There are 2 protein chains.
Amino acid sequence: MARTRTTYDAFNAIAEPKRRALIETLAIQELSVNEIVKIMRWNQPMVSKHLGVLKQVGLVSERKDGRYRVYKVNAAELKPIHDWVAQFDQLWVNRLDHLEDYLDKIQRGEG
Amino acid sequence: MARTRTTYDAFNAIAEPKRRALIETLAIQELSVNEIVKIMRWNQPMVSKHLGVLKQVGLVSERKDGRYRVYKVNAAELKPIHDWVAQFDQLWVNRLDHLEDYLDKIQRGEG
DNA sequence: ACAATATATTCCAATATGGGAATATGTCAA
DNA sequence: TTGACATATTCCCATATTGGAATATATTGT
């Protein structure tokens, strides 16, 4: 068997750094493909391909506007990731608390 | 070029569903490899390989205990993912609010 | 030292990938 | 209709992957 497909779910789609950058950019505003090409400084097929992956998992959606295709983020598709990670966040928040306690202790000269 | 390596960062490491399952299991308690083998019902090399990837990105750490190697989750390595996703969570929380408004409206007979 | 146990590593095959280059498709404007 | 523009798709390569099977490497108890 091979690796899980990038189009399998949002987890796989956002593993690629370029696709995260794309999402960050599109979160600010909707953009056409060529606008993305200019902003990201990638070639046009690369932009289209990465958008294609994001579209397949529903992370972006596309609206036709004449010759243009305007893409926007569908952030709700990030919720499964949010929820999956959130179930563990206490595990590091607590550690951070302990670190703060420790630093306070040092501060008070009890270190 | 090929796909981003699974060992490149936590994003890539957790894209694989089996590795997420592994993290979920280890979050409950530390476990030796063979304990994981029994719980997950995967063969032993598969467990070791997936643990290897998670270890390389720091998502799990390993403690030697005689013949055993006890693995535990290092959830702090999930924080970059948490933070990346969190910057977008308003985008779906707001939508949810709007949905609730909409449902309220229907409830009041204004739909 | 030896047998048994625990774990890691290697070798293999099939497969999907990201990027580049070229090309195809679609759509407007004159 | 034609040319210009906007976008998508195809073909290619090099590479890393997952899983299975087999094997290697600890480490322990006797």
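Each chain gets a letter, A, B and so on, in the order the sequences are listed, and its residues count up from 1. Since we're looking at a predicted model, the values are computed, not measured.
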Atom-pair distance ([atom1] on [X]; [atom2] on [N]), nearest Å:
X: B:Y68; N: D:dG29; atom1: OH; atom2: C1'; answer: 11 Å
X: B:I36; N: C:dT7; atom1: CD1; atom2: P; answer: 9 Å
X: B:Y8; N: D:dT15; atom1: OH; atom2: C1'; answer: 16 Å
X: B:E16; N: D:dA16; atom1: CD; atom2: P; answer: 18 Å
X: A:E62; N: D:dA6; atom1: CD; atom2: P; answer: 16 Å
X: A:F11; N: D:dT17; atom1: CZ; atom2: P; answer: 19 Å
X: A:H50; N: C:dG20; atom1: NE2; atom2: C1'; answer: 12 Å
X: B:L31; N: C:dT7; atom1: CG; atom2: P; answer: 11 Å

At 4.0 Å (heavy atoms only), tell me whether [X] reaches a base, stays on the sugar-phosphate, or touches nothing.
X: A:K55; result: nothing
X: B:E35; result: nothing
X: A:S32; result: sugar-phosphate

### Query
Does a donor on one side chain and an acceptor on the other come within less than 3.5 Å for B:W92 and A:E77?
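No, A:E77 and B:W92 have no side-chain donor paired with an acceptor closer than 3.5 Å.
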
### Query
With no hydrogens and no angle check, do the side chains of A:N12 and B:R3 hold a donor and an acceptor under 3.5 Å apart?
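The criterion, which ignores hydrogens and geometry beyond distance, is satisfied for B:R3 and A:N12.
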
[X] side chain, from C-beta outward: closest of [options]:
X: B:R67; options: D:dA4, C:dA8, C:dT5; result: C:dT5
X: B:N43; options: C:dT27, C:dT7, D:dG20; result: D:dG20
X: A:Y71; options: D:dA8, C:dA14, D:dG19; result: D:dA8
X: B:T7; options: D:dA14, D:dT17, D:dA4; result: D:dT17
X: B:V33; options: C:dA16, D:dA8, C:dT7; result: C:dT7
X: A:K18; options: C:dA8, C:dG19, C:dA14; result: C:dG19
X: B:R19; options: D:dT18, D:dC5, C:dA8; result: D:dT18
X: A:T6; options: C:dG18, C:dG20, C:dC28; result: C:dG18
X: B:P45; options: C:dA29, D:dA8, D:dA21; result: D:dA21
X: A:M1; options: D:dT27, D:dG19, D:dA14; result: D:dG19

#### Entry: Spatial distance of atom CG (A:L54) from atom OG1 (A:T7) [nearest 0.5 Å]
11.0 Å

### Query
Can you tell me if the side-chain N/O atoms of B:N34 get under 4.0 Å from OP1 or OP2 in C:dT5?
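Result: no.
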
### Query
Within less than 4.0 Å of OP1 or OP2 of C:dT17, is there a side-chain N or O belonging to A:R3?
no

### Query
Hey, is the side chain of B:Q44 pairing donor to acceptor with the base of C:dA6 inside 3.5 Å?
no

### Message
Please determine whether any donor N or O and acceptor N or O are separated by less than 3.5 Å between the side chain of B:K49 and the base of D:dG20.
### Response
yes

### Query
Any Lys/Arg nitrogen of A:D9 or B:R20 sitting under 4.0 Å from an Asp/Glu carboxylate oxygen of the other?
yes

#### Entry: Pairwise 5' ranking along DNA chain D for B:R5 and A:L51, keeping only the more 5' one
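The residue whose closest nucleotide sits nearer the 5' end is A:L51.
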
Enumerate donor-acceptor pairs with a distance under 3.5 Å from any side-chain N or O in residues 25-32 of chain A to protein atoms, sequence neighbours excluded.
unit_1, atom_1, unit_2, atom_2, d
A:T25, OG1, A:A21, O, 3.0
A:E30, OE1, A:R63, NH2, 2.5
A:S32, OG, A:E35, N, 3.3
A:S32, OG, A:E35, OE1, 3.3

### Query
Taking for each residue the nucleotide of DNA chain C bearing the nearest heavy atom, is the 5' side occupied by A:M46 or by A:R69?
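By nearest-heavy-atom nucleotide position, the 5'-most residue is A:M46.
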
### Under 3.5 Å donor-acceptor, A:N74 side chain and A:G58 backbone
yes

### Summary
Residues at least two apart in sequence or cross-chain that pass salt bridge (charged side-chain N to carboxylate O under 4.0 Å, His left out) with B:K55, listed by chain then number, are B:E62

